[in-house]
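First comes the structure, then the notes that go with it.
Each chain gets a letter, A, B and so on, in the order its sequence line appears, and its residues count up from 1.
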There are 2 protein chains.
Amino acid sequence: MADMTLTQLRAFVTVARLGSVKGAAQSLGVTEAAVSGAVAVLRRELGDVLFIRAAGGISLTPGGSRLAAGAAEIVGLAEETRHRVRQASSGTAHLRVASTEAGVEQVLPALLTSFGRRQPDLDVETLAVPVAVFGDLLRDRRADVTIGPAPHPAPAVESIPFLRFQLAVVAAPDHPLRHRQRLGPAQLAHEPWLLGPAGLDPDTLSGAFLAHIGVEATGAKAFPSVTASLNAVAAGAGLSVAFLHVVRDDLRRGSLIRLDVTGARLGGMLYASALTGERRSTTAAALCRFVTTPAATQAVLTRSNGVPMNEFRPPVHVTIWS
Amino acid sequence: MADMTLTQLRAFVTVARLGSVKGAAQSLGVTEAAVSGAVAVLRRELGDVLFIRAAGGISLTPGGSRLAAGAAEIVGLAEETRHRVRQASSGTAHLRVASTEAGVEQVLPALLTSFGRRQPDLDVETLAVPVAVFGDLLRDRRADVTIGPAPHPAPAVESIPFLRFQLAVVAAPDHPLRHRQRLGPAQLAHEPWLLGPAGLDPDTLSGAFLAHIGVEATGAKAFPSVTASLNAVAAGAGLSVAFLHVVRDDLRRGSLIRLDVTGARLGGMLYASALTGERRSTTAAALCRFVTTPAATQAVLTRSNGVPMNEFRPPVHVTIWS
DNA sequence: AGCCGACTTAAGCATTCGCTTGAGTCGCCG
DNA sequence: CGGCGACTCAAGCGAATGCTTAAGTCGGCT
């Protein structure tokens with residue numbers, strides 16, 4: 001397998017940006033032939049001409065367009081990674097926490113802000129991923145800790161239960177089903193379900209519940225965030241499932257109501273998982289100890305008031321390529 | 001500049017995953033010496049031992065931990081990119097649309113769903129980025145179209161205005177400032193402002209407004225999404241600025257109220273920007289034509305009912321490493 | 001036509017990569 | 001202490017990469 005090279009990708013990215021081989025060559029400080037050659041290798045290997053000359057620049061083929069985007073990202077990531085490794089010994093600890101979409105949105109901000117107060121000089125990154133890859137993420141060292149369901153038991157992974165939670169099926173206050181009792185799959189399956197980006201992940205409790213009552217991807221509507229889906233529910237567009245403690249204020253204010261659902265388990269447990277022994281970083285260990293403290297419980301159950309803007313890092317939605 | 005190599009990164013990733021050089025060598029089908037050598041090159045180049053042997057596996061240094069995460073991403077992205085380029089000619093068009101955080105959350109879903117209905121077999125990706133890089137993204141071909149403020153005028157970039165919008169300063173219904181008239185910086189600067197991840201981007205109208213009245217990053221609170229910040233506003237935790245058409249329903253229902261603010265421009269224009277001429281893909285051109293149609297306007301101004309789950313792709317938050 | 005600029009191709013060369021084999025080195029356990 | 005397992009180092013080799021110079025090719029322009 002002939003490998004693409006970072007140099008080749010850099011050459012292509014520069015050509016795509018500047019719109020000419022000559023310009024790219026000047027910008028990279030090499031001859032045009034060098035750039036042309038690098039692109040030729042990519043063309044051959046990928047079986048795509050990638051771009052053709054056009055009036056006042058170049059016109060990318062569909063393949064070239066994808067490569068331009070991917071290559072720019074790869075090159076940027078490579079440089080960024082080198083940079084970060086180089087200044088790794090600069091004191092500030094680093095922690096990558098993976099969780100579900102709902103966890104990243106509604107559990108981690110409060111939890112990690114609270115954790116950060118007793119662990120100063122800490123740089124936290126939050127990742128939203130399918131539960132199915134929790135274990136892989138830990139083993140691959142792409143995450144230090146996962147928060148949410150426990151991954152399948154595995155030799156080097158330890159899961160610590162730390163918080164019992166309840167789910168609530170919610171609807172708008174004037175929803176037709178509001179006074180019905182003991183709702184089951186028959187009544188619920190064909191309602192419009194409004195969910196966050198990963199709302200059907202079958203390894204979450206809410207995803208399992210939705211699967212249980214027979215909700216399909218074609219019948220559910222997705223919103224860019226769990227909160228957005230709940231807002232749409234409040235506006236009367238459908239139903240959703242949410243952490244009870246998250247919607248408690250809405251239920252109290254009456255902007256949402258809770259439906260009476262039967263025949264499904266709606267209580268579950270949050271786990272913090274990490275590698276065992278020496279393989280666990282000290283910061284990860286500190287977080288694993290922290291989650292069982294009352295301070296952590298309180299932070300999660302209290303409605304979040306947001307994170308100070310200057311210490312905020314937006315969550316990263318990681319896509320997993322099998 | 002000695003370059004890291006994808007093969008070297010792959011070797012390191014495998015070592016990090018399997019916890020041993022031997023295991024990695026077997027998994028990669030080469031000798032241990034090959035793996036050891038690849039890691040040695042990385043060690044030398046990055047000036048970090050990356051990992052040390054520990055009981056039953058390895059223990060990563062801080063630098064090694066960063067490298068494991070970055071390298072896994074780079075290797076995955078490289079393979080994914082190769083794969084995507086290879087099947088680029090498989091018919092389905094591809095479109096990458098960049099916008100602001102608010103745009104990605106509150107404008108693009110409806111706009112692109114509507115666009116997708118008249119442009120079947122379309123694969124759309126949405127990117128949330130700072131406005132300052134809109135132009136670069138287009139020139140680097142990392143995005144086909146940007147939606148939001150117009151980037152600084154540049155030779156090969158064309159911006160098409162398509163929608164006039166208003167911002168509203170919103171608060172909870174019982175907020176102390178609710179009956180005050182003509183609020184100015186003096187009254188507003190030290191209120192708690194609740195914003196989305198990129199709420200202070202000075203190149204957006206709302207960011208400019210906040211800068212104008214003197215809001216600093218230390219005084220503002222960040223939420224994982226714009227919608228979440230608006231929810232917190234409704235709960236009484238502070239103020240926010242939002243697209244008027246997005247909060248119209250909340251204002252009507254009374255879950256939010258609008259404050260009377262003076263001395264600041266709160267009306268603006270949305271632009272669709274793309275490269276000119278041959279450099280613009282046909283799909284990008286189609287979107288540029290579409291945004292000015294009544295269907296597009298209506299889609300944006302109507303409250304979104306979500307995207308069918310089976311055709312939903314979560315937005316990507318791109319980090320730009322200068 | 002004729003030329004010019006932009007790109008590609010070809011040949012050549014130093015360097016590096018990626019790999020193997022074989023010989024250490026290090027820590028550990030009986 | 002001998003030996004064992006896991007890793008590192010050294011030498012070496014074929015095949016790339018990455019670069020150059022030099023010689024085409026192609027299209028547009030006057």
Nearest-Å distance, [atom1] ([X]) to [atom2] ([N])?
X       : N      : atom1 : atom2 : value
B:Gln26 : D:dG5  : CD    : C1'   : 13 Å
A:Leu9  : D:dG18 : CG    : P     : 10 Å
B:Phe12 : D:dC7  : CZ    : C1'   : 16 Å
B:Met4  : C:dG18 : CE    : P     : 13 Å
A:Asp3  : C:dT16 : CG    : P     : 19 Å

[X] side chain N/O closer than 4.0 Å to the phosphate oxygens (OP1, OP2) of [N]?
X       : N      : answer
B:Ser36 : D:dC7  : no
A:Arg53 : C:dT8  : no
A:Thr7  : D:dG18 : yes
B:Ser20 : D:dA6  : no

NA contact type, A:Ala33, heavy-atom cut-off 4.0 Å: base, sugar-phosphate, or nothing?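 Counting heavy atoms under 4.0 Å across all strands, the contact made by A:Ala33 includes a base.
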
Mind checking if A:Thr31 touches a base, just sugar-phosphate, or nothing, with heavy atoms under 4.0 Å?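 The answer is base, as A:Thr31 lies within the cut-off (heavy atoms under 4.0 Å) of a base atom.
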
So which one's nearest nucleotide on DNA chain C is more toward 5', B:Val41 or B:Glu32?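 Its nearest nucleotide being more 5', the pick is B:Val41.
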
Can you identify which nucleotide, out of [options], has its nearest atom closest to the [X] side chain?
X       : options               : value
B:Val21 : D:dT20, D:dT8, C:dT20 : D:dT8
B:Thr5  : D:dT20, D:dT8, C:dG18 : C:dG18
B:Lys22 : D:dT17, D:dA6, C:dT8  : D:dA6

Hey, are the side chains of B:Arg313 and B:Asp123 touching, using non-hydrogen atoms and a 4.5 Å cut-off?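 A side-chain contact under 4.5 Å exists here.
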
Interatomic spacing from CZ in B:Arg280 to OG in A:Ser59 - rounded to 0.5 Å: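 Answer rounded to 0.5 Å: 12.5 Å.
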
Atom pair CD (B:Glu79) and CD1 (B:Ile74), whose distance is rounded to the nearest 0.5 Å: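 Answer rounded to 0.5 Å: 13.0 Å.
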
Side chains of A:Thr276 and A:Arg279 only: does a donor on one sit below 3.5 Å from an acceptor on the other?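 Distance-only check passes for A:Thr276 and A:Arg279.
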
Should the ring pair B:Phe51 and B:Phe12 be called parallel, tilted or perpendicular, given that the plane angle runs from 0 to 90° and is split at 30 and 60?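 Ring orientation, 0 to 90° scale: tilted.
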
